[in-house]
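Please read the structure below before turning to the comments.
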Amino acid sequence: MRSYFSYLPNALTAIRLMLVPPIGFYIAQGWFELALALFLFAAVSDLVDGWLARRFAWESNLGRVLDPAADKLLLVVALATLTLAGVLPLMATLALVGRDLVLLCAAAIYRYLIGYLTPAPTFFGKSCSAAIMVLIVVVLLTHIQIPLLSELARWSVEFGLVLIVVTLSLASLVEYLWNYGTHGIALLKARRDAR
């Protein structure tokens, strides 16, 4: 019998999902302080729900699906609205969203040829997600009215943070494709040998 507390990670994930529309709306309206506050809360809730699920074994099948979906939706909406607001380069957003589209296509091909795929987090995948969150926070900081902080944030964006995130995005794409490509080839070979 699960305790009521065991549903806390999923509740935090649900709250994070509910924060996505207001974050997108606030960015689109240019209310960057509010968007930053909600985005930081969402990012912290992601860390907390993952820690709770692992620490107390409160993992669930729903959480395994809902948590990465909430994270992905949060990042995509934030990136897209920042780009539409003209504060993030289009190429950066296309590179980051394009990675996910390629991975979705690869997962569909894998499923068609081999079977169900349960993607496991990778080093570069986690690093890329963390770097995207940092990028979004820094880009939002460039547009709030704290002179020294916004100047430091603007400098870090202009001098490489976007490049670092795009590089990690490409590295994680290669890592995922390599891992599941080699895994898939090995499974297909084993099936062929078993005949």
Side-chain angles (χ1 to χ4, degrees), residues 2 6-7 9-14 16-21 23-24 42-43 45-47 49-55 57-84 88-136 162-195:
R2 289 172 62 117
S6 66
Y7 297 100
N10 288 347
L12 288 171
T13 301
R16 193 159 68 257
L17 270 172
M18 289 186 287
L19 289 176
V20 172
I23 288 170
S45 79
D46 183 29
L47 295 173
D49 75 43
W51 179 82
L52 287 172
R54 287 186 302 274
R55 173 68 177 81
W58 289 344
E59 295 169 321
S60 67
N61 290 331
L62 176 63
R64 288 185 192 96
V65 173
L66 201 60
D67 184 62
D71 295 345
K72 200 59 66 185
L73 187 62
L74 175 66
L75 296 180
V76 168
V77 167
L79 289 169
T81 51
L82 284 169
T83 301
L84 291 172
L88 190 65
L90 177 61
M91 288 306 295
T93 301
L94 288 178
L96 299 171
V97 174
R99 175 197 80 139
D100 293 333
L101 291 175
V102 171
L103 289 175
L104 278 173
C105 291
I109 292 167
Y110 187 102
R111 174 137 192 192
Y112 176 76
L113 292 175
I114 299 163
Y116 186 72
L117 171 68
T118 306
T122 65
F123 171 77
F124 282 117
K126 286 184 172 182
S127 300
C128 181
S129 295
I132 294 170
M133 285 193 173
V134 170
L135 174 66
I136 292 167
V162 170
L163 181 62
I164 290 168
V165 170
V166 170
T167 303
L168 283 171
S169 177
L170 293 174
S172 69
L173 175 62
V174 170
E175 185 179 34
Y176 276 116
L177 292 177
W178 175 263
N179 287 350
Y180 294 107
T182 54
H183 184 259
I185 290 168
L187 275 177
L188 286 174
K189 186 179 177 192
R191 286 180 189 171
R192 188 190 64 204
D193 294 344
R195 289 176 187 164

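Residues forming a side-chain contact (heavy atoms from CB on, under 4.5 Å) with A106 (at least two apart in sequence, or on another chain): L177. Judged as a side chain to side chain donor-acceptor pair (under 3.5 Å), and not counting sequence neighbours, the contacts of T13 are D49. Looking at residues two or more places apart in sequence or on another chain, you find a side chain to side chain donor-acceptor pair (under 3.5 Å) between S172 and R99. Judged as a ring-ring contact (aromatic ring centres under 6.0 Å, His included), and not counting sequence neighbours, W178 has no contacts. Partners of L90 according to the side-chain contact (heavy atoms from CB on, under 4.5 Å) rule, which considers only residues two or more places apart in sequence or in another chain, are T83, L94. Residues that satisfy the side chain to side chain donor-acceptor pair (under 3.5 Å) test with T122, not counting sequence neighbours, are E175. Shown here are the side chain to side chain donor-acceptor pair (under 3.5 Å) partners of R54, two or more places apart in sequence or in another chain: there are none. Looking at residues two or more places apart in sequence or on another chain, you find a side-chain contact (heavy atoms from CB on, under 4.5 Å) between A171 and F124. For R64, the side-chain contact (heavy atoms from CB on, under 4.5 Å) partners are E59, N61, not counting sequence neighbours.
Listed by first and then second residue, the salt bridge (Lys or Arg N to Asp or Glu O under 4.0 Å) pairs involving residues 115-128 amount to none (not counting sequence neighbours). Residue pairs satisfying the side-chain hydrogen bond (donor to acceptor under 3.5 Å, both in side chains) criterion with at least one member in residues 179-190, sequence neighbours excluded, are listed as follows: Y110-H183.
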Donor-acceptor list for residues 71-82 side chains, cut-off 3.5 Å, not counting sequence neighbours:
{"residue": "D71", "atom": "OD1", "partner": "R16", "partner atom": "NE", "Å": "3.0"}
{"residue": "D71", "atom": "OD1", "partner": "R16", "partner atom": "NH2", "Å": "3.0"}
{"residue": "K72", "atom": "NZ", "partner": "D100", "partner atom": "OD1", "Å": "3.4"}
{"residue": "T81", "atom": "OG1", "partner": "V77", "partner atom": "O", "Å": "2.7"}
{"residue": "T81", "atom": "OG1", "partner": "A78", "partner atom": "O", "Å": "3.2"}

